[in-house]
Protein chains: 2
Amino acid sequence: MDLQPIPDMNETDSVPPIFEPLCAVFRRRLKADGQKYTPERARVLDAVIRMDGPFEAEQLVEDLRASGYRVSKATIYRTIKLMQDAGIVQRVLGGDDVPRYQMIYGAKPDDTIVRVDTDEVISIDIPELIELRDKICAKYGLSPSSHRFQIFATGNDA
Amino acid sequence: MDLQPIPDMNETDSVPPIFEPLCAVFRRRLKADGQKYTPERARVLDAVIRMDGPFEAEQLVEDLRASGYRVSKATIYRTIKLMQDAGIVQRVLGGDDVPRYQMIYGAKPDDTIVRVDTDEVISIDIPELIELRDKICAKYGLSPSSHRFQIFATGNDA
DNA sequence: CTTGGTGCAAACATTTTGCAGCACA
DNA sequence: TGTGCTGCAAAATGTTTGCACCAAG
């Protein structure tokens with residue numbers, strides 16, 4: 001089958017160390033469900049990490065094919081779903097309302113004001129929100145990995 | 001053409017008064033763009049208001065057809081887009097990752113913890129968040145109409 | 001008559017599924 | 001041999017567009 005080397009989190013330097021545990025998380029989850037950590041899945045995970053932000057499934061296909069791998073859309077979508085189950089990837093809506101995917105771990109929290117009258121999106125930085133978030137999660141015995149806070153607002157004159 | 005009576009925000013009692021200004025907002029926006037407030041569009045707006053929560057385009061079609069109106073999907077989608085432009089409707093992702101639409105004005109704030117390991121969605125009630133939200137908006141000179149706060153978390157053992 | 005709106009059907013984009021063959025225990 | 005995984009192609013879903021005709025100024 002003439003495969004290229006399998007990317008491995010411990011052997012690549014193109015991926016920040018913060019993502020290192022991801023491979024393990026994914027592996028563990030697959031094993032727990034009687035599924036396999038295949039070369040194809042390792043490559044998709046690697047591509048997802050390199051995306052570094054919201055991406056479309058098609059981009060993963062292009063990325064991997066450009067790297068010389070033969071991959072089908074079906075495998076991409078199936079692997080994305082597995083990653084969602086493993087809590088590694090989430091689906092999000094871009095500002096253009098197009099559904100995309102993005103990594104959860106290490107993802108920058110998305111705190112924005114969406115001006116519904118002008119469609120302007122304002123990024124905000126709210127340290128108190130992190131505190132609040134962590135407090136809430138602690139109450140439920142959960143560990144937050146990321147969050148999203150969107151305020152929908154208009155100008156006072158509208 | 002045998003039309004049934006046109007729903008009008010001032011003549012129906014099935015729609016809470018809080019939504020009354022919406023009709024005006026939509027009308028104003030259409031007029032400003034040289035477009036028309038047609039019976040079809042009034043009916044779609046009415047249906048959207050009655051949805052009272054996230055909905056799919058198809059539901060609007062069914063709802064209106066069940067009420068005896070002849071309506072095409074094209075008109076539904078075109079009207080939804082107009083409403084998005086008018087800042088009345090937004091696209092959102094449900095807990096099941098399915099894209100839906102929902103009203104913006106008067107929408108119930110959506111504060112949830114999404115357990116990425118189990119897909120469980122926990123509704124939370126955080127009064128401090130409203131305060132925080134209003135404080136932030138005040139700083140920018142904006143009026144909040146709704147918000148959405150999603151925390152992505154896993155169990156501590158995951 | 002000109003501009004915008006409608007329904008219908010076809011086109012499109014994205015995601016899912018059925019299936020035959022492969023990999024590996 | 002059995003279970004899971006893959007690519008491919010077809011199907012299913014959700015949305016947009018082209019077009020002929022209608023409606024209102």
Side-chain angles (χ1 to χ4, degrees), chain A residues 1-4 6 26-27 29-45 47-48 54-62 64-65 67-86 89-94 96-102, chain B residues 1-4 6 26-27 29-45 47-48 54-62 64-65 67-86 89-94 96-102:
Chain A
M1 237 257 282
D2 199 69
L3 286 180
Q4 298 195 17
I6 302 164
F26 194 29
R27 242 192 248 256
R29 179 56 176 255
L30 288 173
K31 189 161 200 172
D33 293 353
Q35 297 173 314
K36 293 167 189 167
Y37 185 71
T38 65
E40 288 84 357
R41 290 175 183 175
R43 274 179 238 134
V44 175
L45 175 57
V48 164
F55 57 88
E56 294 170 41
E58 186 62 30
Q59 288 178 258
L60 295 179
V61 177
E62 287 168 18
L64 289 172
R65 289 193 178 156
S67 299
Y69 298 111
R70 190 153 65 97
V71 65
S72 67
K73 290 186 183 190
T75 294
I76 294 293
Y77 281 107
R78 284 187 282 231
T79 306
I80 288 174
K81 190 147 289 172
L82 290 171
M83 289 176 172
Q84 289 183 289
D85 292 345
V89 159
Q90 65 181 323
R91 211 175 186 204
V92 296
L93 279 186
D96 52 6
D97 276 0
V98 175
R100 298 205 168 79
Y101 304 91
Q102 74 176 23
Chain B
M1 234 255 284
D2 199 69
L3 286 179
Q4 298 196 17
I6 302 165
F26 193 30
R27 242 192 249 256
R29 178 55 175 255
L30 288 172
K31 190 160 199 173
D33 293 353
Q35 298 173 312
K36 292 165 189 168
Y37 185 71
T38 65
E40 288 83 358
R41 289 173 184 176
R43 275 180 238 133
V44 175
L45 176 56
V48 165
F55 57 88
E56 293 170 42
E58 186 63 30
Q59 289 179 257
L60 295 179
V61 177
E62 287 168 18
L64 289 172
R65 289 192 178 156
S67 300
Y69 297 111
R70 192 153 63 97
V71 65
S72 66
K73 289 186 181 190
T75 294
I76 295 293
Y77 281 108
R78 284 187 283 230
T79 307
I80 287 175
K81 188 148 290 172
L82 290 172
M83 289 176 173
Q84 289 183 288
D85 292 345
V89 159
Q90 64 182 323
R91 210 176 187 205
V92 296
L93 281 185
D96 53 5
D97 276 2
V98 175
R100 299 203 168 80
Y101 303 92
Q102 74 176 21

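Just the heavy atoms: all of them, side chains too, but no hydrogens, waters or symmetry mates, feed the values below. A, B, ... follow the sequence lines: proteins, then strands. Residue 1 opens every chain. Here the structure is a predicted model, which is why all the values come from computation and not from measurement.
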Requested in this report: Would you indicate which nucleotide in D:dT15, D:dG7, C:dC8 comes nearest to any side-chain atom of A:Ala74?
Outcome: D:dG7
Query - Set of residues satisfying side chain to side chain donor-acceptor pair (under 3.5 Å) with respect to A:Gln35, sequence neighbours excluded - result: none
Requested in this report: Give a yes/no on whether any side-chain N or O of A:Ser72 is located under 4.0 angstrom from OP1 or OP2 of D:dC8.
Outcome: no
**Report entry** Whole angstrom value for the distance that separates C1' of D:dC8 from CD1 of A:Ile76
**Finding:** 14 Å
Query - C:dG4 base / B:Arg78 side chain donor-acceptor hit below 3.5 Å - result: no
**Report entry** Non-hydrogen side-chain atoms of B:Ile80 and B:Leu60 separated by less than 4.5 Å
**Finding:** yes
Requested in this report: Provide, to the nearest angstrom, the distance between the CE atom belonging to A:Met83 and the C1' atom belonging to D:dC5.
Outcome: 15 Å
Query - Short side-chain N/O contact from B:Thr38 to OP1 or OP2 of C:dT6, under 4.0 Å - result: yes
**Report entry** Listed partners of B:Lys31 passing side-chain contact (heavy atoms from CB on, under 4.5 Å), at least two apart
**Finding:** none
Report summary line: Rounded to whole Å, the CD1-P distance (A:Ile80 to C:dT14) equals 12 Å
Dump the pairs, protein N or O against N or O of nucleotides 12-14 of chain D, anything under 3.5 Å, distances to one decimal.
none

Report task. Working to the nearest 0.5 Å, report the span between CE of B:Met83 and CZ of B:Arg29. Result -> 13.0 Å
Requested in this report: Please tell me which of the listed nucleotides, D:dG7, D:dC5, D:dT15, lies nearest to the side chain of B:Ala57?
Outcome: D:dT15
Query raised in the report: Which nucleotide in the list C:dT17, D:dC5, D:dT16 gets nearest to the side chain of B:Lys81?
Result: D:dT16
Report summary line: note: A:Leu30, atom CG; D:dT6, atom C1'; distance rounded to Å ~ 15 Å
Report task. Nearest-nucleotide wise, let me know which of B:Lys36 and B:Arg100 is further upstream toward the 5' end of DNA chain D. Result -> B:Arg100
Query raised in the report: Atom CZ of A:Arg41 to atom P of D:dG4: distance rounded to whole Å?
Result: 11 Å
Requested in this report: Only counting residues at least two apart or in another chain, list the ones meeting side-chain contact (heavy atoms from CB on, under 4.5 Å) with B:Arg91.
Outcome: A:Leu93, A:Asp97, A:Pro99, B:Gln84, B:Pro99, B:Tyr101
Report task. Could you check how far OH of B:Tyr37 sits from P of D:dA24, rounded to whole Å? Result -> 16 Å
Query raised in the report: How close or far is atom P of C:dG7 from atom OH of B:Tyr69, stated in whole angstroms?
Result: 13 Å
Report summary line: Those residues at least two apart in sequence (or on a different chain) that pass side-chain contact (heavy atoms from CB on, under 4.5 Å) with A:Arg100 are A:Pro54, A:Glu56, A:Val92, A:Asp96, A:Val98
**Report entry** Under the side-chain contact (heavy atoms from CB on, under 4.5 Å) test, residues paired with A:Lys36 that sit two or more places apart
**Finding:** A:Thr38
Query raised in the report: Rounding to a whole Å, what distance do you find between B:Arg65:CZ and C:dC8:P?
Result: 7 Å
